[in-house]
A.B. asks: 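This is the structure I want to talk about, given as C-alpha cells.
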Amino acid sequence: QVQLVESGGGLVQAGGSLRLSCAASDRTFSTRTMGWFRQGPGKEREFVAAIRWTTGTTNYADSVKGRFTISRDNAKKMVYLQINSLKPEDTAVYYCAGGGILGTREYEFDYWGQGTQVTVSS
C-alpha cells in the first residue's frame with residue numbers, strides 16, 4: 001500500500017505563488033504516474049497535472065497550462081506542484097494521486113493523499 005502525504009497549502013493573495021509537495025512512501029509499478037487533482041468549493045474534483053516517474057513526461061489540464069508546473073524528485077520520492085499567478089478560482093483542496101497510466105480521470109489513479117487546502121484571497 002502506497003501512502004501519499006501532501007503539504008505546502010495555505011492562504012495566499014491573488015498573484016502569489018505556492019509550491020505543493022507530495023511525499024510517496026514508495027514508487028511501484030502501480031504508481032508509475034503521479035498526479036494532482038483539486039476540488040473547489042461546491043465543485044467536483046478535477047484533474048490538474050500528472051507526471052511519469054521514469055521519463056518525466058507531463059500532462060496538464062488546459063485550464064492550468066502556463067501557470068502550474070509539476071515536477072518530481074525520484075531519489076526523494078517527492079512530487080511537486082508549483083503554482084504561479086494564483087487566482088481566487090484556484091481555491092481548492094489539492095490532492096496527490098498515484099496511478100498506472102498517464103491519465104486524467106480519477107478512476108485511473110488508485111492511491112490518494114488526504115489533500116492540502118489552498119485558499120487564494122482577492
Side-chain angles (χ1 to χ4, degrees):
Q1 190 79 0
V2 177
Q3 307 295 324
L4 303 175
V5 179
E6 305 94 335
S7 61
L11 175 63
V12 63
Q13 288 189 332
S17 298
L18 275 178
R19 189 177 80 156
L20 307 183
S21 300
C22 173
S25 61
D26 199 1
R27 284 173 52 198
T28 69
F29 184 76
S30 298
T31 58
R32 55 193 184 275
T33 295
M34 297 296 294
W36 287 95
F37 287 74
R38 67 183 181 183
Q39 186 168 18
K43 298 180 181 179
E44 294 187 352
R45 190 153 57 182
E46 64 175 354
F47 170 76
V48 173
I51 189 167
R52 284 278 198 172
W53 281 117
T54 53
T55 63
T57 303
T58 59
N59 189 23
Y60 294 92
D62 288 342
S63 60
V64 305
K65 284 180 180 177
R67 293 194 302 122
F68 288 32
T69 303
I70 189 170
S71 61
R72 90 285 191 219
D73 184 324
N74 288 9
K76 295 181 179 179
K77 292 179 287 186
M78 296 289 294
V79 178
Y80 305 100
L81 185 69
Q82 178 70 39
I83 310 174
N84 297 327
S85 302
L86 277 156
K87 304 175 182 180
E89 50 264 43
D90 294 320
T91 294
V93 177
Y94 284 72
Y95 296 91
C96 178
I101 65 173
L102 191 63
T104 63
R105 309 294 179 90
E106 288 187 55
Y107 66 80
E108 293 168 328
F109 292 82
D110 297 317
Y111 300 94
W112 293 83
Q114 296 288 69
T116 186
Q117 176 72 47
V118 172
T119 303
V120 184
S121 63
S122 57

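Note that these values count all heavy atoms, side chains included, but never hydrogens, waters or copies made by symmetry.
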A.B. asks: I need the Arg52 CZ to Ile101 CD1 distance, nearest 0.5 Å.
C.D. replies: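 It is 8.0 Å, given to the nearest 0.5 Å.
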
A.B. asks: Could you go step by step and tell me if Ile70 and Val79 meet the side chain to side chain contact (heavy atoms under 4.5 Å, CB included) rule?
C.D. replies: CA-CA 7 Å; Ile70 189 170; Val79 178; 4.0 Å; yes

A.B. asks: Are the side chains of Thr54 and Arg27 in contact, using a 4.5 Å heavy-atom criterion?
C.D. replies: yes

A.B. asks: Out of curiosity, Gln117 CD to Glu6 CD, how far, rounded to the nearest 0.5 Å?
C.D. replies: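 Rounded to the nearest 0.5 Å, the CD-CD separation comes out at 12.0 Å.
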
A.B. asks: Checking side chain to side chain contact (heavy atoms under 4.5 Å, CB included) between Phe68 and each of Val48, Leu20, Asn84, which is the one that passes?
C.D. replies: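 Going through the options one by one, the only one that passes is Val48.
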
A.B. asks: Hydrophobic clustering (ILVMFWY, side-chain heavy atoms < 4.5 Å, transitive) - are Phe47 and Val64 grouped together?
C.D. replies: no

A.B. asks: Would you find a donor on one side and an acceptor on the other, under 3.5 Å apart, between the side chain of Thr116 and the backbone of Ser7?
C.D. replies: no

A.B. asks: Hey, does the side chain of Lys77 reach the backbone of Asp26 with a donor-acceptor pair shorter than 3.5 angstrom?
C.D. replies: no

A.B. asks: Does the pair Asp62/Lys65 count as a salt bridge with the N-to-O cut at 4.0 Å?
C.D. replies: yes

A.B. asks: Quick one: pull up NZ in Lys87 and OG in Ser122 and give me the separation to the nearest 0.5 Å.
C.D. replies: 14.0 Å

A.B. asks: Write down the atom of Ala50, the atom of Leu102, and the distance for their closest heavy-atom approach.
C.D. replies: CB-CD1, 3.8 Å

A.B. asks: How about Gln114: does its CD atom have over 12 heavy atoms from other parts shown lying under 6.0 Å from it?
C.D. replies: no

A.B. asks: Looking only at atom types and distance, does a side-chain atom of Asn59 sit under 3.5 Å from a main-chain N or O of Gly103, one as donor and one as acceptor?
C.D. replies: no

A.B. asks: Counting only N and O atoms by type, is there a donor-acceptor contact under 3.5 Å from the side chain of Arg72 to the main-chain atoms of Trp53?
C.D. replies: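 Yes: the side chain of Arg72 pairs with the backbone of Trp53.
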
A.B. asks: Report yes or no: do Leu86 and Leu81 belong to one cluster of Ile/Leu/Val/Met/Phe/Trp/Tyr joined by side chain heavy-atom distances under 4.5 Å?
C.D. replies: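 Looking at the clustering, Leu81 is in the same group as Leu86.
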
A.B. asks: Indicate the atoms forming the closest heavy-atom contact of Leu18 with Gly8, along with that distance.
C.D. replies: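 Smallest interatomic distance, heavy atoms only, reads CD2-O, 3.6 Å.
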
A.B. asks: So if you build clusters from Ile, Leu, Val, Met, Phe, Trp, Tyr with side-chain heavy-atom gaps below 4.5 Å, do Val12 and Trp36 land together?
C.D. replies: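 Yes, one cluster joins them.
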
A.B. asks: Please check this pair: side chain of Glu46 against backbone of Arg38, looking for a donor-acceptor N/O pair closer than 3.5 Å.
C.D. replies: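 No: the side chain of Glu46 does not pair with the backbone of Arg38.
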
A.B. asks: Dump the intermediate steps for side chain to side chain contact (heavy atoms under 4.5 Å, CB included) on Met34 and Leu4, then the final yes or no.
C.D. replies: CA-CA 10 Å; Met34 297 296 294; Leu4 303 175; 3.6 Å; yes

A.B. asks: Show your working on side chain to side chain contact (heavy atoms under 4.5 Å, CB included) between Arg45 and Trp112 and close with a plain yes or no.
C.D. replies: CA-CA 12 Å; Arg45 190 153 57 182; Trp112 293 83; 3.7 Å; yes

A.B. asks: If you measure from CG on Asp73 to CE on Met78, what distance do you get to the nearest 0.5 Å?
C.D. replies: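 So the CG of Asp73 and the CE of Met78 are separated by 8.0 Å.
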
A.B. asks: Could you tell me how the ring of Phe109 sits relative to the ring of Phe37: parallel (under 30°), tilted (30 to 60°) or perpendicular (over 60°)?
C.D. replies: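 Perpendicular, since the angle between the ring planes exceeds 60°.
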
